Protein chains: 2
Amino acid sequence: MADSRIQSRNRAAILEAGLEIFSRHGFRGATLDQIAAEAGLSKPNLLYYFASKEAIHRTLLLGLMDTWLDPIRRIDPQGEPLAELLAYVSRKMALTRQYPRESRLFANEILQGAPHIADTLSAELKTLVDALADQMQAWIDAGRLAPVDPHHTIISIWALTQHYADFDVQVRAVLDSDDPLDRAEAHVTQLFQRLLQPVD
Amino acid sequence: MADSRIQSRNRAAILEAGLEIFSRHGFRGATLDQIAAEAGLSKPNLLYYFASKEAIHRTLLLGLMDTWLDPIRRIDPQGEPLAELLAYVSRKMALTRQYPRESRLFANEILQGAPHIADTLSAELKTLVDALADQMQAWIDAGRLAPVDPHHTIISIWALTQHYADFDVQVRAVLDSDDPLDRAEAHVTQLFQRLLQPVD
DNA sequence: CGTCCATTTTACCGATTGGTCAAATCAGCG
DNA sequence: CGCTGATTTGACCAATCGGTAAAATGGACG
């Protein structure tokens with residue numbers, strides 16, 4: 001009795017439309033009519049698949065969290081410290097470039113004070129970050145990483161990678177329009193290389 | 001025939017209330033009733049002082065731009081390159097710490113695609129940034145600054161400083177609660193010092 | 001005090017919003 | 001085909017939204 005083909009197709013269309021609209025206008029700025037139009041369904045038909053506007057939003061955010069936390073999980077404690085962290089930076093950059101709407105959806109939620117995911121943040125996310133911070137501290141103590149504040153370094157990685165997706169308009173306004181976004185990744189990589197490379 | 005005392009007092013109260021509400025809920029998320037309540041006025045009384053909800057928002061954004069662009073204007077081309085840039089970073093950090101609501105107001109606007117200030121961004125802001133980038137390139141050519149991409153370095157400064165104000169909830173969720181925000185400034189300063197310090 | 005203009009309030013409006021409900025339609029299946 | 005449950009639609013609703021009109025109030029000044 002799982003989802004029928006039509007069920008899963010429409011649910012997917014609604015989530016796709018919701019992502020598009022929510023990421024562009026925020027939760028309050030988005031309307032069910034907009035989402036319905038984007039999904040090619042009528043408004044009451046939307047509400048046949050999701051109980052409420054908030055349900056669509058919640059489903060999107062929860063589904064997003066796993067994808068968003070994945071790059072940090074793939075850091076290998078056995079690997080070469082600098083290479084592992086730069087690979088993490090690279091994965092995060094790729095993520096924001098591939099999923100800018102997801103990034104803005106997340107940014108909107110945090111900006112409003114994270115009313116829907118505050119618990120996930122202080123539980124799941126904090127656990128992951130603390131573990132990585134401990135790992136980094138161990139690397140620092142072993143002289144394999146420059147002495148930096150682990151927590152703030154992780155925050156810096158988020159700040160830089162997310163900025164290119166979330167503040168896209170500002171970035172484009174300031175860069176020459178023909179300036180490719182590739183330079184962004186090169187620059188961010190260089191930045192963290194200089195910060196993290198241990199000096200003997 | 002300038003503003004009477006009561007005029008300027010109420011206009012100020014409305015802008016203060018608008019800043020509080022807009023920065024917390026975004027433009028569409030904020031309501032005139034909320035702003036009126038926060039300002040201690042009735043809704044029609046609000047509209048006696050400002051023609052519309054958008055007028056309040058526009059006034060706030062325009063008034064903010066000057067303050068926000070000030071730190072970049074105070075960079076001295078005659079000064080010592082690294083010291084000048086680190087002082088700029090420090091001023092920006094102080095700004096976001098002192099005016100987090102203004103920072104979030106700005107962030108909300110950019111996230112929605114900067115519908116109200118797109119022209120200011122691509123004109124005034126771009127001019128300032130291009131000038132600073134030229135200055136930095138000259139410093140780099142003179143060997144007084146490490147070879148970095150000037151534009152992306154400026155963007156990095158914004159990304160890091162704004163992040164602490166705009167993503168405050170996430171930052172607090174991840175840091176130990178007794179961890180003072182001072183460490184943020186120390187970390188960011190260290191980061192840009194390592195990035196920008198020329199190596200002979 | 002009375003006048004005049006600035007200020008404030010009360011009552012209201014049309015549009016939009018998220019959401020409901022019952023009827024209509026459709027798809028699969030014997 | 002004819003039945004049955006899943007899906008879709010049109011009509012509608014109460015609440016909230018930004019904003020208006022006009023009357024009421026307040027304050028400064030002669």
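So that the names make sense, note that chain A is the first sequence line, chain B the second, and so on, each numbered from 1. Treat the numbers as computed from the prediction; the structure is a model and nothing was measured.
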Does OH belonging to B:Y49 count more than 12 external heavy atoms closer than 6.0 Å? yes

Check DNA chain D against residues 17-33 of chain A and give the residues with a non-hydrogen atom under 4.0 Å, in numerical order. none

Without swapping roles, check the side chain of B:K53 against the backbone of B:F27 for a donor-acceptor pair under 3.5 Å. yes

Taking the side chain as everything from C-beta on, heavy atoms only, tell me whether A:W68 gets closer than 4.5 Å to A:K92. yes

Charged N-O contact under 4.0 Å between B:E109 and B:R58: no

What is the distance from CD1 of B:I6 to P of C:dC5, rounded to the nearest Å? 18 Å

Ring centroid separation A:H163 to B:F167 under 6.0 Å: no

Any donor and acceptor pair, going by atom type alone, linking the side chain of B:S90 with main-chain N or O of B:L86 inside 3.5 Å? no

A:R97 CZ: over 12 foreign heavy atoms closer than 6.0 Å: yes

Would you classify B:Y49 as touching base, sugar-phosphate or nothing, given that sugar-phosphate means primed atoms plus P, OP1 and OP2, and contacts are heavy atoms under 4.0 Å? sugar-phosphate

Between C:dG19 (P) and A:I35 (CD1): distance, integer Å: 10 Å

Is there a residue in residues 107-117 of chain A whose heavy atoms reach under 4.0 Å of DNA chain D, and which residues are they? none

Distance, rounded to the nearest Å, where A:R9 contributes CZ and C:dA27 contributes P: 10 Å

Regarding A:R74 and the six-membered ring of A:Y88, is the cationic atom NZ or CZ under 6.0 Å from the ring centre and inside 45° of its axis? no

Which of residues 39-48 of chain B sit near DNA chain C, with a heavy atom under 4.0 Å from it? B:S42, B:P44, B:N45, B:Y48

Would you indicate which nucleotide in C:dG19, C:dT8, D:dG19 comes nearest to any side-chain atom of A:K53? C:dG19

Output yes when B:D176 and A:K126 qualify as a salt bridge under the 4.0 Å nitrogen-oxygen rule, no when they do not. yes

Spacing of A:I56 atom CD1 relative to C:dG19 atom P, expressed in whole Å: 9 Å

Counting only N and O atoms by type, is there a donor-acceptor contact under 3.5 Å from the side chain of B:E84 to the main-chain atoms of B:I75? no

